[in-house]
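Remarks on the structure that follows.
Reckoned from all heavy atoms, side chains included, excluding hydrogens, waters and symmetry mates.
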Amino acid sequence: MTTRIMIVYDSENGHTERLARSIAEGARQENTEVLLKHVKEADVKELGSVDAIIWGCPGHFGTISSGLKSWIDKLGYLWAQGKLVDKIGAVFCTTATVHGGLESTLLNLITPMLHQGMVIVGLPANVTENALYGSYYGVGITCPVETDPNGPPNFPTGDDLALGRSLGKRVAEMAGRYRNAAKE
């Protein structure tokens, strides 16, 4: 049976969506089935059938975007039934400024996973890109505010997307290991 991962993201201007797509790309390196869904298309009822869940959003003043927060707030019945206990979880976010609250947003994203009894996977220091400018809590990147409305958008860089692929690959590896260990 194939490992299944659901990636749920909120994205307002495409920055977070690009990061979500790189995470999906990394997960697919492990022959994993990936369900990549914008928060408006994601159904919380599908979470019971996946091995791992990765969610992310733009950080708003150091916390979760309202779109993803509203979706997370629908997880109550899953919590009551213990449907997400022991599933692998990971998080990601984008901000528009260097001190825009990346780590506090990541920690705010992790908290509901802990309430659900999920097993959190982050990025360790032996991931080269992470050791240089990442976070151990998940992937958090800065896409500076565009100062010229007519100029090109400041989308995630190649290094940012490499971090996303690393997170996706790591989650897929861990979910596969965890799933196989549970069978033994």
Side-chain angles (χ1 to χ4, degrees), residues 2-44 46-47 49-60 63-75 84 87-96 100-113 116 118 120-123 127 129-130 133-144 146 153-175:
T2 304
T3 302
R4 299 181 77 220
I5 296 176
M6 181 180 274
I7 301 170
V8 178
Y9 67 93
D10 188 14
S11 186
E12 295 155 1
N13 296 307
H15 301 84
T16 310
E17 179 179 1
R18 285 184 186 226
L19 183 55
R21 290 187 182 286
S22 73
I23 293 167
E25 183 182 326
R28 287 185 184 113
Q29 291 175 10
E30 297 298 307
N31 296 319
T32 301
E33 180 185 350
V34 176
L35 307 169
L36 177 65
K37 301 197 177 215
H38 186 278
V39 70
K40 291 178 182 176
E41 302 165 342
D43 183 351
V44 296
E46 291 182 271
L47 295 177
S49 69
V50 299
D51 300 296
I53 303 158
I54 306 172
W55 61 49
C57 65
H60 289 217
T63 194
I64 305 170
S65 68
S66 62
L68 185 60
K69 177 67 171 88
S70 176
W71 183 82
I72 289 170
D73 287 346
K74 296 174 186 172
L75 300 177
L84 304 184
K87 291 195 184 283
I88 300 293
V91 298
F92 63 99
C93 73
T94 60
T95 61
L102 284 173
E103 287 193 343
S104 61
T105 301
L106 292 171
L107 291 170
N108 280 306
L109 287 165
I110 288 170
T111 301
M113 290 183 167
Q116 293 285 346
M118 295 173 68
I120 308 303
V121 172
L123 282 178
V127 173
E129 298 85 3
N130 197 47
Y133 64 92
S135 170
Y136 302 112
Y137 309 117
V139 174
I141 63 167
T142 301
C143 300
E146 287 85 3
N154 292 323
F155 284 123
T157 67
D159 287 337
D160 295 335
L161 299 177
L163 274 172
R165 286 188 297 275
S166 293
L167 181 66
K169 186 175 186 332
R170 179 164 163 74
V171 169
E173 288 171 351
M174 298 304 291

Rounded to the nearest 0.5 Å, the OG1 atom of Thr105 sits from the CD1 atom of Ile110 at a distance of 11.0 Å
Decide yes or no for Trp55 and Ile7: does some side-chain heavy atom of the first lie under 4.5 Å from some side-chain heavy atom of the second?
no
Applying salt bridge (charged side-chain N to carboxylate O under 4.0 Å, His left out), name anything that partners Asp51, two or more places apart in sequence or on another chain.
Arg179
Pairing residues for Arg21 by the side-chain hydrogen bond (donor to acceptor under 3.5 Å, both in side chains) criterion, not counting sequence neighbours:
Glu17
Nearest-0.5 Å distance, NZ of residue Lys74 to CG of residue Asp43
9.0 Å
For the backbone of Val50 and the side chain of Lys87, can you confirm whether one donor and one acceptor N or O come within less than 3.5 Å of each other?
yes
Supply the atom-to-atom distance Thr3 OG1 to Glu173 CD, rounded to the nearest 0.5 angstrom.
11.0 Å
Side-chain H-bond candidate by donor/acceptor type, Asp160 with Thr157, under 3.5 Å:
yes
Check against side chain to side chain contact (heavy atoms under 4.5 Å, CB included), Tyr137 and Ile120
CA-CA 9 Å; Tyr137 309 117; Ile120 308 303; over 6 Å; no
Closest approach of Ala27 to Val34 (non-hydrogen atoms, all atoms of both residues)
CB-CG2, 3.7 Å
When rounded to the nearest 0.5 angstrom, what distance separates OG in Ser22 from CZ in Phe92?
8.5 Å
On a heavy-atom basis, the closest approach of Gly100 and Thr95 is O-CG2, 3.6 Å
Note: Leu109 and Gly56 closest approach over all heavy atoms is CD1-CA, 4.4 Å
Can you check whether Ser66's main-chain N or O pairs, donor with acceptor, with Ser70's side chain at less than 3.5 Å?
no
Asn31, CG: over 12 other non-hydrogen atoms inside 6.0 angstrom:
no
List the residues meeting side-chain hydrogen bond (donor to acceptor under 3.5 Å, both in side chains) with Ser65, not counting sequence neighbours, and say none if there are none.
Asp10
Compare every heavy atom of Val39 with every heavy atom of Gly67, then report the nearest pair and how far apart it is.
O-CG2, 3.6 Å
By side-chain hydrogen bond (donor to acceptor under 3.5 Å, both in side chains), which residues pair with Ser49, not counting sequence neighbours?
Arg4
Would you say that Leu47 contacts Leu75 through its side chain, given a criterion of any heavy-atom pair below 4.5 Å between the two side chains?
yes
Mind jotting down which residue pairs meet the ring pair (Phe, Tyr, Trp, His ring centres under 6.0 Å) criterion with at least one end in residues 24-43? Sequence neighbours excluded, please.
Tyr9-His38
Rounded to the nearest 0.5 Å, what separates atom CG in Asn13 from atom CG in Asn154?
11.5 Å
Residues which pass ring-ring contact (aromatic ring centres under 6.0 Å, His included) with His60, listed by chain and number, not counting sequence neighbours
none
Ignoring hydrogens, what is the shortest heavy-atom contact between Ile23 and Leu167? Give both atom names and the distance.
CD1-CD2, 4.2 Å
May I have the step-by-step check of side-chain hydrogen bond (donor to acceptor under 3.5 Å, both in side chains) for Asn108 and Thr111, ending in yes or no?
CA-CA 5 Å; Asn108 280 306; Thr111 301; 5.1 Å; no
Do the non-hydrogen side-chain atoms of Lys169 and Arg165 ever get within less than 4.5 Å of each other?
no
Taking every non-hydrogen atom, the tightest pair across Val171 and Ala90
CG2-CB, 3.5 Å
To the nearest 0.5 Å, what is the distance between CD1 (Ile5) and OG1 (Thr32)?
5.0 Å
